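Before anything else, here's the structure in question.
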Amino acid sequence: MNQAAKVLQLFKALHRTRQQVFRNDARALEAARIKINEEFKNNKSETSPKKIEELMKIGSDVELLLRTSVIQGIHTGHNTLKLVPRKDLFIENVPYCDTPTQKQ
């Protein structure tokens, strides 16, 4: 796959992630859309393969960070937030055991 196709693939992945992470939050969706488009437009004329690879690494890191670390919060009252985690953020919780078992 050539570099232009990889850049387009990253652009689309960022927008898909934005839509999942900021679902039901029009202001955050719009701000993220503007920021993604602005960053890609600012670097549109970049020709150095090394610099493009570096920018793509940053973009893929941002996509991963958004997908794995961002949780929406909804104001429900004065000084109160309701957290709305996505299903893909949940991890298997291993319960703590005070008395470890001996391995046989």
Side-chain angles (χ1 to χ4, degrees):
M1 185 183 311
N2 68 13
Q3 206 163 32
K6 288 180 183 177
V7 170
L8 182 60
Q9 184 179 22
L10 176 61
F11 181 78
K12 288 179 178 182
L14 280 163
H15 278 289
R16 278 192 298 272
T17 301
R18 165 189 71 91
Q19 289 173 338
Q20 291 171 355
V21 170
F22 301 118
R23 183 177 294 133
N24 300 326
D25 187 348
R27 199 166 94 188
L29 279 167
E30 182 65 14
R33 184 187 69 77
I34 289 169
K35 185 64 175 172
I36 292 167
N37 291 346
E38 179 182 289
E39 289 299 322
F40 274 82
K41 191 178 288 185
N42 287 346
N43 295 295
K44 185 178 182 178
S45 60
E46 186 60 55
T47 56
S48 166
K50 187 174 182 177
K51 180 69 174 172
I52 292 171
E53 199 62 41
E54 181 182 313
L55 290 167
M56 287 186 58
K57 173 74 171 118
I58 292 170
S60 61
D61 289 349
V62 167
E63 192 272 337
L64 179 67
L65 184 76
L66 282 172
R67 191 168 21 92
T68 60
S69 302
V70 175
I71 298 176
Q72 279 185 306
I74 300 170
H75 287 279
T76 58
H78 183 69
N79 294 331
T80 310
L81 282 175
K82 176 184 175 188
L83 297 180
V84 186
R86 296 177 313 285
K87 298 249 188 282
D88 56 335
L89 285 180
F90 292 121
I91 58 173
E92 186 63 36
N93 192 6
V94 179
Y96 175 76
C97 180
D98 280 331
T99 57
T101 57
Q102 294 289 327
K103 289 189 177 182
Q104 304 293 343

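In this text the structure is predicted, and so the values were computed from the model without any measurement.
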> At their closest point, which heavy atom of Gln3 faces which heavy atom of Pro49, and how far apart are they?
Replying inline: NE2-O, 3.6 Å

> What heavy-atom pair brings Leu29 and Gln19 nearest, and what distance separates the two atoms?
Replying inline: CD2-CA, 3.8 Å

> Are Thr80 and His75 side-chain neighbours, meaning at least one heavy-atom pair lies under 4.5 Å?
Replying inline: no

>> Looking at every non-hydrogen atom in both residues, tell me the closest pair between Val21 and Val70 and how far apart they are.
In response: CG1-CG1, 3.5 Å

> Short question: side chain of Gln72, backbone of Leu83 - any donor-acceptor pair under 3.5 Å?
Replying inline: no

> For the residue pair Gln9 and Arg16, what are the closest heavy atoms and their distance?
Replying inline: O-NH2, 4.5 Å

>> For Leu10, run the side chain to side chain contact (heavy atoms under 4.5 Å, CB included) check against Val7, Leu8, Leu14 and tell me which one passes.
In response: Leu14

> Minimum heavy-atom separation for Ala13 to Glu63, with atom names?
Replying inline: O-CG, 4.0 Å

>> I'd like to know if Lys57 and Glu53 make a salt bridge, using a cut-off of under 4.0 Å between side-chain N and carboxylate O.
In response: no

> Under 4.0 Å between a Lys/Arg side-chain N and an Asp/Glu carboxylate O for Glu39 and Lys35?
Replying inline: yes

> Would Leu65 and Asp61 satisfy side chain to side chain contact (heavy atoms under 4.5 Å, CB included), going step by step from the backbone distance to the final call?
Replying inline: CA-CA 6 Å; Leu65 184 76; Asp61 289 349; over 6 Å; no

>> Check whether Asn2 reaches the backbone of Ala5 with its side chain - one donor and one acceptor, N or O, closer than 3.5 Å.
In response: yes

>> Quick check for you: to the nearest 0.5 Å, what is the distance between Leu81 atom CG and Ile74 atom CD1?
In response: 9.0 Å

> Does any non-hydrogen side-chain atom of Arg18 lie less than 4.5 Å from one of Ile36?
Replying inline: yes

> Side-chain contact, heavy-atom cut-off 4.5 Å: Asn37 with His15?
Replying inline: yes

> If only atom types and distance count, is the side chain of Ser60 paired as donor or acceptor with the main-chain N or O of Met56 below 3.5 Å?
Replying inline: yes

> Is it true that Leu55 and Phe40 fall in one hydrophobic cluster, defined by side-chain heavy atoms closer than 4.5 Å?
Replying inline: no

